[in-house]
Amino acid sequence: MKISVASFGERPKADLLIVPFWEGHVDAHRFPMLQPLVSSGDFKGKQGETAFFYPENGSETRLLLLGLGKEEKGSLESIRRAYAAASRAAQAKKVRSANILVPTSAKLSHEQLLIAAAESLFLTNYSFSKLKGDSLKDNPPVLLEQITWIDVEKSSLNHLERAKKIVDGVFFVRNLVNDNADDKTAALKEAASHFAQNHSHVTTEIFDKKRLEQEKMGLILAVNRGSKQEPCLIISSYKGNPASKEHIVLVGKGITYDTGGLNLKVGDGMLTMKSDMAGAATVLGTVQTAASLGLKINVTAVAPVTENGIDGTSYKPGDVYRAYNGKTVEITNTDAEGRLVLGDALSYAAKNLAPSCLIDFATLTGAIVVALGEEVSGFFTDDENLSKDLMKASKQTGELMWRMPIHPDYKDAMKSEIADLVNSGGRDAGSIKGALFLQEFVGKTPWVHIDFAGPTYVSKPKHYNTAKGTGFGVRLMIDFLERRERH
Ligand code: BES
Ligand code: MN
Ligand code: ZN
């Protein structure tokens, strides 16, 4: 997508001009030809409201009136949602080029308004067509190829470039999540090694099955037993501030497909399970985006990758396996596989990577979706500072987070008669018990567990998210890392 700026008077020809209005302030003084439309009362400027107008002459084929809602209620998120509505309306008309006006507001700075609008247009401008067949020829998706921001200073172009890089990180995750399950292991490995080759401050190491055996990562190997494809552990590091000891380590669940194993998922329970590697994609995408933005921080992604398949050789309920940190786990449910692969990865990271904090991303439990739905992710931590920064990042980015309790009394449910731990402690408080299991593998390192099973994969497009993979987490983490950078 080509991005430029121009004054109103010198704007280029385009398929569309986006004209935003706050609700109750719809006046047509800049566009007298809109007067009849405005007087009709058909367009009131309500949040996300759109109306097309076709002028007889001018630089654009059509004008798109865009409602922003009440100015006093205006926020970064309300702007994002409004421009997402504009972007979808434009897509429906197969618009390729757009001139875009940015609103003014007493509440939000010009820069904030510009960035929110841009983020949203970029995020909406996505289509995953790799797996389409004939229908692609009949109805090819048309995306914006050229946008011009009107009356925006040249000096703002760097904000727009920054927003574009972050959205590229989001798309990286969406593409990996939307891809076929059987292609994911190769795609994740390829993405991590390719990026390291092209970026001087990034290194990637990939442990193959043999190395995992040498390292005695018994839980990743147990989950992998029912799969034809070999497992791996991807470690991708970006050193943006070599002088600093701070090292943020992100660990992401990389289950390329979750059948449930011998505790096979039933009904439609398996249908969305190609998305069970979203954690791995998110941590790799975050490290790559941090590197392409040149953030002055040190951040590493660790991703245990395997399918949770089903086969005669599958790991079995009742059997016991030994983790990297020496703890033994009685498998009480082969469908609680995410915590197993994360257990090995977290304890490896805690022991070998000198992390100043650990943050894991996982589509860990269905229970978190029952509790918080498709819009909100749950997080668990005992560290007040990490919790505060995460909530600030959530507020800024609109990626919604809610803190859940790591209630220690439920630990009893995770004890085993024949081993140190069980991997599943029953349905009630399922997400908390998942967190309590993971806590056994982080030692004393400050740690956050993010269970984002809800927002990472959705059935329908909503606001600036497209259907299926949303890429939730990259925008949140980049904001979080930038806060660390400023500390
Ligand atoms: N990947 C699933 C969790 C999940 C469910 C993500 C629905 C997205 C949507 C996870 O591996 C799982 O199966 N969890 C079990 C845990 C249980 C066996 C303790 C669950 O949630 O039922
Ligand atoms: Mn599972
Ligand atoms: Zn899973």
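One-based numbering, in listed order, for ligands and for the atoms of each.
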Chi angles and distances behind the salt bridge (charged side-chain N to carboxylate O under 4.0 Å, His left out) call for K415, D420: CA-CA 6 Å; K415 291 197 174 125; D420 299 330; over 6 Å; no
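- At a 4.0 Å heavy-atom cut-off, ligand 1 touches K253 through the side chain alone.
- The aromatic rings of F171 and Y126 sit tilted, their planes meeting at an angle between 30° and 60°.
- Ligand 1 has no atom lying under 4.0 Å from any heavy atom of R427.
- Shown in contact with T363 at under 4.0 Å from a heavy atom are these atoms of ligand 1, numbered in order with element: 1 (N), 2 (C), 3 (C), 6 (C).
- If you check which protein heavy atom lies closest to atom 18 (C) of ligand 1, you get N333 ND2, 3.4 Å.
- Contacts between E374 and ligand 1 below 4.0 angstrom, taking non-hydrogen atoms only, are absent altogether.
- Remark: ligand 1 atoms within the under-4.0 Å shell around heavy atoms of R339 are 16 (C), 19 (C).
- Each of K392, R80, R475 was checked for a salt bridge (charged side-chain N to carboxylate O under 4.0 Å, His left out) with E399, and the lone residue meeting it is R475.
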Criterion side chain to side chain contact (heavy atoms under 4.5 Å, CB included) on E307 and Q229, from CA distance to verdict: CA-CA 8 Å; E307 179 181 283; Q229 287 196 39; 5.7 Å; no
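- The Mn ion (ligand 2) lies under 2.8 Å from an N, O or S atom belonging to D335.
- Contacts between K265 and ligand 1, counted as non-hydrogen atom pairs separated by less than 4.0 Å, involve the side chain only.
- If you number the atoms of ligand 1 from 1 as listed, the ones under 4.0 Å from a heavy atom of M273 come out as 1 (N), 4 (C), 5 (C), 6 (C), 7 (C), 8 (C), 9 (C).
- For atom 21 (O) of ligand 1, a protein heavy-atom neighbour is found at a distance under 4.0 Å.
- Taking the charged nitrogens against the carboxylate oxygens, D168 and K165 have no contact shorter than 4.0 Å, which rules out a salt bridge.
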Worked check of salt bridge (charged side-chain N to carboxylate O under 4.0 Å, His left out) between D360 and K253: CA-CA 8 Å; D360 75 73; K253 171 175 172 181; over 6 Å; no
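- Proximity of D276 to ligand 1, defined as any heavy-atom pair under 4.0 Å, is confined to the side chain (atoms from C-beta onward).
- The backbone of L364, and not its side chain, has at least one atom closer than 4.0 Å to an atom of ligand 1 (non-hydrogen atoms only; backbone = N, CA, C, O).
- For K462 and E375, the salt-bridge test passes: some basic side-chain N is under 4.0 Å from an acidic carboxylate O.
- Remark: ligand 1 atoms within the under-4.0 Å shell around heavy atoms of A453 are 6 (C), 8 (C).
- Protein heavy atom closest to atom 19 (C) of ligand 1, with residue, atom name and distance, is S424 OG, 3.5 Å.
- For D258, a nitrogen or oxygen atom sits less than 3.5 Å from a nitrogen or oxygen atom of ligand 1, counting backbone and side chain alike.
- Within 6.0 Å of atom NZ in K94, more than 12 heavy atoms from other residues, nucleotides or ligands are found, so the atom counts as buried in its surroundings.
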Worked check of salt bridge (charged side-chain N to carboxylate O under 4.0 Å, His left out) between K316 and D319: CA-CA 6 Å; K316 296 171 180 66; D319 280 358; 5.7 Å; no
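- A salt bridge links R162 with E482: the closest approach of a Lys/Arg side-chain nitrogen to an acidic carboxylate oxygen falls below 4.0 angstrom.
- Between D389 and R484, at least one side-chain nitrogen of the basic residue sits less than 4.0 Å from a carboxylate oxygen of the acidic one, meeting the salt-bridge criterion.
- Around the Zn ion (ligand 3), protein N, O or S atoms at less than 2.8 Å comprise K253 NZ, D258 OD2, D276 OD2, E337 OE2.
- If you check the side chains of Q439 and D382, you find a donor sitting under 3.5 Å from an acceptor.
- Checked against the 6.0 Å centroid threshold, F437 and F441 count as a close aromatic pair.
- Note: F122 and Y464 fail the aromatic proximity criterion, with ring centroids not under 6.0 Å apart.
- With the Mn ion (ligand 2) as vertex, E337 OE1 and D258 OD2 subtend 100°, rounded to 10°.
- Looking from atom 12 (C) of ligand 1 to the surrounding protein, the closest heavy atom is D335 O, 3.2 Å.
- Set against the non-hydrogen atoms of E337, the atoms of ligand 1 under 4.0 Å away are 11 (O).
- Side-chain contact between M391 and F379 is present, with heavy atoms from C-beta onward closer than 4.5 Å.
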